[in-house]
Every structure is written in C-alpha cells, then in structure tokens.
**Q** 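I am attaching a structure below and will ask some questions about it afterwards.
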2 protein chains.
Amino acid sequence: MPRPRSLTPDQLASAALAVLDREGLAGLSMRAVAKELGMSTMALYRYVDDREELEGLVVERVLGAVDTTPPERGVPWDERLRIMVGRLRETIIAHPAALPLTLTHRHRSPSGLRWSEAALAILTEAGLDGERRVLALRALLGYVIGAIQLEHLGPLSGAGTVAIAELPSDAFPYMAETARQARSVGVEREFFGGLEVFLRGLGA
Amino acid sequence: MPRPRSLTPDQLASAALAVLDREGLAGLSMRAVAKELGMSTMALYRYVDDREELEGLVVERVLGAVDTTPPERGVPWDERLRIMVGRLRETIIAHPAALPLTLTHRHRSPSGLRWSEAALAILTEAGLDGERRVLALRALLGYVIGAIQLEHLGPLSGAGTVAIAELPSDAFPYMAETARQARSVGVEREFFGGLEVFLRGLGA
DNA sequence: TTTCGTAGGCGTACGTCATACGCTTACCAG
DNA sequence: CTGGTAAGCGTATGACGTACGCCTACGAAA
C-alpha cells in the first residue's frame with residue numbers, strides 16, 4: 001500500500017557491477033553506486049543494509065552467469081569436470097575486480113552452490129563418495145580459486161615474472177630458469193595444465 | 001652525520017603485525033601502528049612511503065619465519081614436498097589476518113622466493129623440468145593458497161557447513177549429504193588429503 | 001666552540017569512506 | 001480526502017590515508 005519500490009535488487013547489482021568493472025574494487029563505494037543509479041548516497045540504504053549486502057548482490061550477479069547444466073552425457077567424467085571448471089573460470093574472470101568479493105561471499109550465492117552440486121554429481125559418477133568426495137570437491141575448489149588468484153593478483157606471471165627472471169642466478173638458480181620458461185606459457189595453458197595434474201591424481 | 005634512525009624496519013613490521021594479530025585486517029591502519037609504536041601517525045612516513053610498503057614489511061616478516069632448509073636427504077620427493085608445503089601452511093596460518101596481504105605482496109618477499117626455490121629443487125629431483133616443472137610449481141602454489149583461503153575465509157567448513165547441510169535436499173541432494181560428511185573431516189586432514197590428490201597426479 | 005645541512009618527528013588539514021539520524025515526499029487503502 | 005507507511009534525501013560523525021610545513025636533534029666542517 002505504501003510507495004512501491006522503484007529499484008529491483010538486480011538493477012542494484014548491475015549498477016554496482018558496472019562501477020566495479022569500470023573503476024576497480026577500490027572505486028566501488030556506496031557513493032559511486034548511488035551516483036551510477038542517479039540517486040543520493042543514502043537512498044541506497046533503503047535497499048541494502050550495508051556495503052556487505054551490496055557486495056553479496058554483486059557476487060550473485062557475477063556467479064549467476066555460470067552455466068551449471070550437466071555437460072553432455074557420454075563424455076567421460078574427467079572431461080566433464082574440465083568443462084565445469086572451465087565454465088567457472090570463465091565466469092569469474094569475466095569480472096576480475098570482483099574476484100576478492102567472490103571469495104568472501106561465495107557461500108551465500110545460490111549459483112555457487114548449484115555449481116558445486118553439479119561438480120559433486122560428476123565426482124560421484126567418477127566413483128567417489130564419502131570422505132574422498134568431500135576432499136575432492138574442496139581440493140578442486142581450492143585449486144580453482146588459488147590458481148585464478150595467482151593469475152590475476154600474483155605477478156609470478158605477467159610483470160612479476162620478468163623481475164623474477166632477473167634474480168641472481170647463483171642464489172636462485174631454479175627460480176631464474178623457471179621464470180624464463182614461464183614467460184612462454186600462456187595463462188590458459190597454465191591453468192588447465194595444473195588442472196590436469198589434479199585430474200590425473202583423482203583418476204589414480 | 002644527521003640524526004640516526006631510531007626504528008629498524010623489523011621493529012616496524014613487528015608493531016604492524018602485533019596490531020594485525022590483535023585487531024584483524026580492518027584494524028590495521030597507519031594510525032593504529034603509529035600508536036603501537038608510541039609515535040605520531042605521520043612519523044611513520046619517515047620509514048615507509050605508504051601503507052602498501054608497510055604491508056610488504058608485514059608480509060616479509062610473516063613469510064620470513066618459513067623454514068626453507070631442504071628436508072632430510074634420503075626421503076622420497078613426495079614426502080619432501082609434503083614437508084615443504086606443510087611448513088608454508090603453518091607459517092601462513094600463524095597469522096591468519098595477514099593472509100590477504102601475502103597474496104598481494106608475495107612476489108616481493110625474498111622468503112617466499114626462497115621457498116619456491118626449494119620447492120623447485122624437489123620437483124627437479126622428481127624428474128620434472130621445462131614447462132612441466134613450471135606448471136607443477138604454479139599448480140602447487142595455487143592449491144596451497146586456495147585451500148588455505150577456503151579454510152579461513154570460505155565458510156564451507158566451519159559455520160557455513162552447518163548452513164549448507166540444511167539446504168533443501170531435493171534441490172541440493174549431493175551438497176546436503178557432502179556437507180554433513182564434511183563436518184567430521186578436520187581442516188588438517190582436508191588440506192593434506194587434497195594435497196595427496198595433487199601429489200598422486202604429479203607422480204603419474 | 002659554533003655553525004649548518006640533513007633527516008627525524010609532529011600537527012594540522014584535506015578529501016575520502018561508511019553510515020546513523022531525522023526530515024520531507026509520494027503513494028495507496030480506507 | 002485523509003492517514004499511515006516506506007522512499008528518498010541532507011546533514012553530520014568519526015574513521016581513514018596522506019600532503020604539507022614546521023621545529024628539533026644530530027654530527028661534520030669551520
């Protein structure tokens with residue numbers, strides 16, 4: 001009966017995500033999002049308790065794009081896992097600035113849970129259950145999250161690799177050589193190469 | 001010839017780390033560290049260009065504690081890797097609030113590089129070189145970083161697991177069951193169990 | 001012994017942030 | 001047409017990082 005809401009949570013999340021993509025994580029402020037929406041800062045608080053809740057909306061908006069339909073039947077379980085993991089990586093990488101947020105808010109995202117559910121189904125199909133399945137899922141998630149972060153925050157690849165390649169090769173012989181070799185390995189290849197190690201371990 | 005410095009970088013790092021351990025990451029501010037040292041806020045800037053540099057000192061102080069001496073000869077390579085990874089985990093976990101900082105500043109930490117150097121030596125001993133060795137190190141680091149973060153930020157274990165175990169089991173049958181099982185798996189076992197998958201994959 | 005350049009240390013001030021609080025305004029059921 | 005509810009806004013508070021300018025302690029040179 002009172003005045004109707006003029007903004008959906010989705011519009012909120014879209015505005016925040018636009019700011020995030022444009023200005024980076026440091027640029028994501030209540031003020032900036034309010035300006036993006038054309039309203040005053042405090043009007044935002046009619047829709048959201050605090051910044052944390054807004055971040056949660058953004059995360060769900062990002063993760064909501066992940067495709068969780070089971071990959072085509074008939075494909076072996078490891079290939080299906082590769083597909084699922086690849087989808088998750090694509091989804092997260094589409095908004096790199098949101099990466100730290102996905103970590104902190106992941107557990108409240110229905111889409112994230114749906115992804116895990118699909119992954120668990122595949123692991124079950126691979127013959128895992130009980131504790132082994134728990135360990136497999138958590139380890140898989142750990143690798144995905146860690147690897148993506150290395151790729152985007154940890155300049156072992158990118159600019160940092162160059163610096164490391166120039167380390168004194170007497171004190172760091174392996175590092176220097178490895179960093180030199182690392183420059184020719186693309187991020188994609190690196191990610192899926194590491195995943196391969198993991199999948200081999202699961203199969204054994 | 002001018003006035004001598006009254007504070008070593010190490011004293012700075014210790015004070016900042018004390019604040020970090022006591023008040024958490026949100027409580028780590030230039031003001032708080034200055035107060036910890038008994039000086040005015042701006043006096044800090046005589047020792048450090050900005051907050052970023054202070055964080056770097058903290059990270060090096062944390063990672064500096066890691067034992068990078070090669071594990072006893074005669075032990076097989078996979079056990080030696082387990083030892084090295086375990087040491088790194090212990091080191092990082094000793095100051096959980098510093099975890100996000102280690103991610104962003106890791107590449108500038110000599111101790112972090114020393115650890116990688118030691119790990120590379122073991123991987124070489126395991127018969128890896130060239131691109132495969134690059135992939136192995138990066139994947140290993142990815143897992144360690146990701147798994148530790150899941151353990152400390154991602155409430156799939158801890159309080160979050162309980163919530164997930166109460167998910168509607170028609171929409172999330174596997175998740176609900178898995179979360180129930182996960183409650184009986186300790187974080188330690190979980191971490192090293194996942195590592196095991198990885199090491200098996202490396203050996204194959 | 002005095003002088004002086006250098007760097008240590010501090011106080012103030014600015015612009016940012018999240019957000020508590022209270023006011024005004026638009027809407028709709030009676 | 002009127003009353004109640006929630007939308008939306010303005011103002012204010014206390015945190016933050018840090019630019020800037022001042023005073024002070026020191027030790028080499030005079």
Side-chain angles (χ1 to χ4, degrees), chain A residues 1-61 97-98 100-101 103-105 108 153, chain B residues 1-61 97-98 100-101 103-105 108 153:
Chain A
M1 48 186 92
R3 188 151 148 207
R5 285 193 108 82
S6 49
L7 241 55
T8 68
D10 195 73
Q11 286 175 289
L12 261 193
S14 297
L17 187 55
V19 173
L20 190 58
D21 284 339
R22 191 170 359 103
E23 321 271 355
L25 185 53
L28 182 70
S29 68
M30 300 301 273
R31 286 167 161 83
V33 174
K35 180 171 290 181
E36 179 79 17
L37 288 166
M39 36 171 44
S40 91
T41 306
M42 293 315 288
L44 259 189
Y45 285 88
R46 287 283 160 191
Y47 297 90
V48 135
D49 268 4
D50 50 18
R51 182 198 163 106
E52 177 128 345
E53 193 177 328
L54 181 67
E55 290 178 352
L57 289 179
V58 173
V59 169
E60 177 54 20
R61 164 87 201 209
L101 300 184
L103 280 181
T104 358
H105 296 272
R108 272 180 269 162
L153 302 179
Chain B
M1 42 191 96
R3 190 153 149 202
R5 284 193 110 82
S6 51
L7 241 54
T8 68
D10 194 73
Q11 286 174 290
L12 260 194
S14 297
L17 187 55
V19 172
L20 190 58
D21 285 338
R22 192 171 356 104
E23 320 272 355
L25 185 53
L28 182 70
S29 68
M30 300 303 272
R31 286 170 162 83
V33 174
K35 181 171 289 181
E36 180 79 15
L37 288 166
M39 34 172 43
S40 90
T41 306
M42 292 315 288
L44 258 189
Y45 284 87
R46 287 285 159 187
Y47 297 90
V48 137
D49 268 3
D50 50 19
R51 181 196 163 106
E52 177 127 347
E53 192 178 330
L54 181 66
E55 291 178 352
L57 289 178
V58 173
V59 168
E60 177 53 21
R61 164 88 201 210
L101 300 183
L103 280 182
T104 359
H105 297 272
R108 271 179 269 163
L153 302 179

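Chain letters run A, B, ... following the sequence lines, proteins first and then strands; every chain starts at 1.
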**Q** What is the separation between atom CZ on A/Arg51 and atom P on D/dA15, rounded to the nearest whole Å?
**A**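 The answer, rounded to whole Å, is 19 Å.
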**Q** Within this structure, what is the CG-to-P distance between B/Leu54 and D/dT18, rounded to whole angstrom?
**A**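 These atoms are roughly 10 Å apart.
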**Q** How close or far is atom P of C/dA20 from atom CG of A/Asp50, stated in whole angstroms?
**A**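 Interatomic distance, CG of A/Asp50 to P of C/dA20: 8 Å.
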**Q** Does anything in residues 29-38 of chain B pair up under side-chain hydrogen bond (donor to acceptor under 3.5 Å, both in side chains), and if so which pairs, sequence neighbours excluded?
**A**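 Matches after skipping sequence neighbours: B/Arg22-B/Glu36.
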**Q** Quick check on C/dC17: is either OP1 or OP2 less than 4.0 Å from any side-chain nitrogen or oxygen of A/Ser29?
**A**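 True: A/Ser29 side-chain N/O within range (under 4.0 Å) of C/dC17 OP1/OP2.
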**Q** Backbone N or O of A/Leu28 within a donor-acceptor pair of the A/Arg51 side chain at under 3.5 Å?
**A**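 Side chain of A/Arg51 to backbone of A/Leu28: a pair is present.
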**Q** Using a cut-off of 4.0 Å on non-hydrogen atoms, how would the nucleic acid contact of B/Ser6 be classed: base, sugar-phosphate, or nothing?
**A**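 Contact class for B/Ser6: sugar-phosphate only.
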**Q** Hey, are B/Arg61 and B/Glu55 close enough for a salt bridge, meaning a charged N less than 4.0 Å from a carboxylate O?
**A**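 Here B/Arg61 does not pair with B/Glu55 in a salt bridge, since their nearest N and O are not under 4.0 Å apart.
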**Q** Output the rounded distance in Å from CD (B/Glu23) to C1' (D/dA15).
**A**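 In whole Å, D/dA15 C1' lies 14 Å from B/Glu23 CD.
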**Q** C/dA13 C1' sits how many Å from B/Tyr45 OH, rounded?
**A**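 It works out to 14 Å between those atoms.
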**Q** Between B/His105 and B/Val59, which heavy-atom pair has the shortest distance, and what is it?
**A**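 It is CB-CG2, 3.8 Å.
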**Q** Check whether the side chain of A/Arg31 and the base of C/dA18 form a donor-acceptor pair under 3.5 Å.
**A**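 Answer is yes: a donor-acceptor pair is held.
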**Q** Please work out if B/Met42 contacts a base, only the sugar-phosphate, or nothing of the nucleic acid, heavy-atom cut-off 4.0 Å.
**A**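 The answer is base, as B/Met42 lies within the cut-off (heavy atoms under 4.0 Å) of a base atom.
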**Q** How many Å lie between CE on B/Met39 and C1' on C/dG8, as a whole number?
**A**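 From B/Met39 CE to C/dG8 C1': 8 Å.
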**Q** CZ of B/Arg46 versus C1' of D/dG21: gap in Å, rounded?
**A**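 Atom CZ in B/Arg46 sits about 11 Å away from atom C1' in D/dG21.
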**Q** In terms of the nearest nucleotide of DNA chain C, which residue is placed more toward the 5' end: A/Thr41 or B/Gly38?
**A**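 Comparing both residues, the 5'-ward one is B/Gly38.
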**Q** Could you tell me how far apart B/Leu7 (CG) and C/dG8 (C1') are, to the nearest whole angstrom?
**A**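 Spelled out: CG on B/Leu7 to C1' on C/dG8 is 11 Å.
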